Amino acid sequence: MELVTPGIGLIFWQTITFLIVLGLLAAFVWRPITDALRAREGFIADSLDAAENAKKDIAKLKEDNEYLLKEARIERDKILAQANEAAKQIKEAAKEETAKITAKMTADAKAVIVSEKNAALTEVKDLVATLSLDIAEKVLRKSLEDKKAQESLVKELIKDIKVS
Amino acid sequence: MKKIITVCKQFKVSILAILMVMATSASVFASDTTEGEAFDPGAMITHHIGDDYIWHFFDGHYGTLYLPVILYTDQGLEIFSSSNFYDEHHNQVEYNGYKLEHGYIAALDGSHPLDFSITKNVASLFISAFLLLVVFFVVAKGYKNPKKAPKGIQSFFEPIIIFIRDEIAIPNIGEKQHKRFLPFLLTLFFFIWFNNLLGLMPGGANLTGNISVTFVLACIVLIITLFSTKKYYWQHIFATPGVPWPVMIILIPIELVGILTKPFSLMVRLFANITAGHIIILSLFSLIFIFESMAVAPVSVAFAIFMNFLELFVALLQAYVFTLLSAMYFGSAVEEAHH
């Protein structure tokens with residue numbers, strides 16, 4: 001029976017010792033440890049969150065970069081197309097201009113030729129008129145001498161001199 | 001869960017009955033045997049699992065540590081060495097009006113002095129307390145910088161501390177309330193575990209297999225439970241919702257007794273488990289002497305080694321069970337009405 005009968009001595013010492021150990025450990029060991037564990041768990045959770053966020057940021061950055069690249073490529077293509085278009089237009093315009101200039105030059109040349117020809121003709125006509133007047137003078141003089149001869153001459157001259 | 005506990009309780013009660021029979025029969029055998037001749041396993045085992053005023057390590061002049069005896073009598077405190085009870089041939093003698101009787105100090109004049117002696121168990125208790133403080137102050141030192149990874153002895157205890165917090169305290173008491181009880185649960189767990197292991201050491205005292213120690217632990221659990229009770233706890237006992245009043249006449253006494261049976265089961269469970277382990281190992285070694293043959297030794301040693309490994313597991317298991325059930329009782333005390 002003595003095995004299951006509590007003894008006052010051991011109860012006394014056990015109570016005192018256990019409470020002292022409990023007090024000391026609670027104050028100087030368990031509190032710092034649990035606080036530190038909580039702090040560390042918080043730190044780890046924060047770090048994991050930060051890593052996750054950084055990963056997300058990097059992914060976003062990459063996406064942005066890709067978008068920018070795509071954008072740039074589209075822009076480049078657009079610029080190239082525009083440049084091609086512009087070049088084509090310039091070429092076309094140049095061609096047209098050249099054609100116009102050539103046409104104008106030809107027209108000018110033709111006009112000059114026509115005017116020259118007219119001038120030459122006028123000169124010829126003047127000459128012809130002068131000649132005609134000369135002839136008429138001569139004929140008039142002759143007719144004063146020999147009326148009949150002069151008249152035949154005039155007739156002959158007029159027959160000979162034919163204005164083209 | 002309740003069913004399992006009741007089954008356990010019945011099992012424990014039966015163990016207790018066997019122990020009682022053994023203890024009484026041991027004393028009967030002791031009186032029958034002739035002096036120093038026949039080997040009495042019952043006496044040997046009760047002697048080893050019980051308390052003592054001396055700490056016997058080995059035979060010989062220096063093999064025994066005589067511990068101080070402290071008696072509180074009508075004349076005040078009396079302190080003397082337990083070596084006074086023994087003569088040079090290690091025979092028990094009377095001293096200063098006291099004598100040793102069945103392992104206890106008795107006064108020759110029939111008075112009953114209160115015995116506060118530093119017995120083998122008390123000495124072992126002090127050693128374990130010192131060990132606990134040293135070990136955990138060293139562990140706590142590692143937490144000066146909370147961001148550093150644990151190392152050394154700290155990394156051994158940290159998972160256990162986290163286990164007690166996350167698997168015992170928080171699920172049973174609740175996230176909000178567990179912080180108040182965690183220091184006690186941690187101290188309780190390591191106190192029981194350390195003392196269980198110390199008890200398994202050769203020459204170690206059977207401290208956690210002593211009813212006084214488990215009685216104190218269970219009382220502290222009961223006191224903490226009662227002081228942290230909330231309205232819902234008592235409402236559950238005196239006005240269980242959905243139960244008609246005639247049933248309550250039967251139910252209230254049962255519930256009131258239940259308040260006490262919970263810590264009582266804690267007390268008996270730890271005591272019986274640890275003591276039973278010691279008894280089995282000692283019985284296995286007794287076989288060698290009972291058969292008086294060295295041929296039995298290998299078998300006994302093999303079984304004893306197996307039992308020792310089992311006891312190492314039981315040491316941890318019982319510390320866990322005691323802590324878990326304490327946490328459950330605290331949890332029921334601080335439970336709020338939610339259904």
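Basis for what follows: all heavy atoms, side chains included, without hydrogens, waters or symmetry-related copies. Just so we're on the same page: letters track the sequence lines, and every chain starts at 1. What you see is a predicted model; the values in this text were computed from it and never measured.
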Problem - Leading residue by heavy atom contact count with chain B [cutoff under 4.5 Å; candidates A/I8, A/V21, A/V29] - result: A/V29

Practice task
Report the distance from atom CG of A/L25 to atom CG of B/L188, rounding to the nearest 0.5 Å.
Solution key: 12.0 Å

Problem - Structural part of A/F28 lying under 4.5 Å from a heavy atom of chain B - result: both

Exercise for the section: Let me know which of A/L19, A/I16, A/T15, A/T17 forms a side-chain contact (heavy atoms from CB on, under 4.5 Å) with B/V216. Expected result: A/T15

Handout entry: Between CG on residue B/L125 and CZ on residue A/F18, distance to nearest 0.5 Å
Key = 10.5 Å

Completion exercise
With sequence neighbours left out, the residues meeting ring pair (Phe, Tyr, Trp, His ring centres under 6.0 Å) with B/F157 are B/F136, B/F190

Practice task
Go through the structure and list residues passing ring pair (Phe, Tyr, Trp, His ring centres under 6.0 Å) with B/F163, not counting sequence neighbours.
Solution key: B/Y320

Exercise for the section: Of all the heavy-atom pairs spanning B/S212 and A/G7, show the shortest one and how long it is. Expected result: OG-N, 2.8 Å

Handout entry: Region of B/Y104 in contact with chain A, defined by heavy-atom distances below 4.5 Å
Key = side chain

Practice task
State whether the number of non-hydrogen atoms from other residues, nucleotides or ligands found under 6.0 Å of B/Y72 atom OH is greater than 12.
Solution key: no

Exercise for the section: Check whether any side-chain heavy atom of B/F191 sits under 4.5 Å from a side-chain heavy atom of A/Q14, and report yes or no. Expected result: yes

Fill in the blank from the handout: Assert top hit (heavy-atom pairs under 4.5 Å, partner chain A, pool B/T119, B/I161, B/L114) equals B/I161

Fill in the blank from the handout: Looking only at B/I70, B/D115, B/L182, most heavy-atom pairs under 4.5 Å shared with chain A are made by B/D115

Exercise for the section: Check each atom of B/K179 against the heavy atoms of chain A and say whether the ones under 4.5 Å are side chain, backbone, both or neither. Expected result: side chain

Practice task
With the side chain counted from C-beta on, respond yes when B/P150 and A/R40 share a heavy-atom pair under 4.5 Å apart, and no when they do not.
Solution key: yes

Exercise for the section: To the nearest 0.5 angstrom, please state how far the OG1 atom of A/T34 sits from the NE2 atom of B/H178. Expected result: 8.0 Å

Exercise for the section: Output the distance between atom CG (A/L37) and atom CD1 (B/I162), rounded to the nearest 0.5 Å. Expected result: 5.0 Å

Handout entry: Spacing of B/F116 atom CZ and A/I11 atom CD1 [to the nearest 0.5 Å]
Key = 10.0 Å

Exercise for the section: Would you mind checking which part of B/L207 comes under 4.5 Å of any heavy atom in chain A, side chain (CB onward), backbone (N, CA, C, O), both or neither? Expected result: side chain

Exercise for the section: Against chain A, label B/F184 side chain, backbone, both or neither, depending on which of its atoms sit under 4.5 Å from a heavy atom there. Expected result: both

Completion exercise
Honestly, the part of B/L132 sitting under 4.5 Å from a heavy atom of chain A is both

Completion exercise
The interface call for B/F137 against chain A, heavy-atom contacts under 4.5 Å, is both

Handout entry: Most chain A-contacting option - heavy-atom pairs closer than 4.5 Å, from B/T214, B/L217, B/I220
Key = B/L217

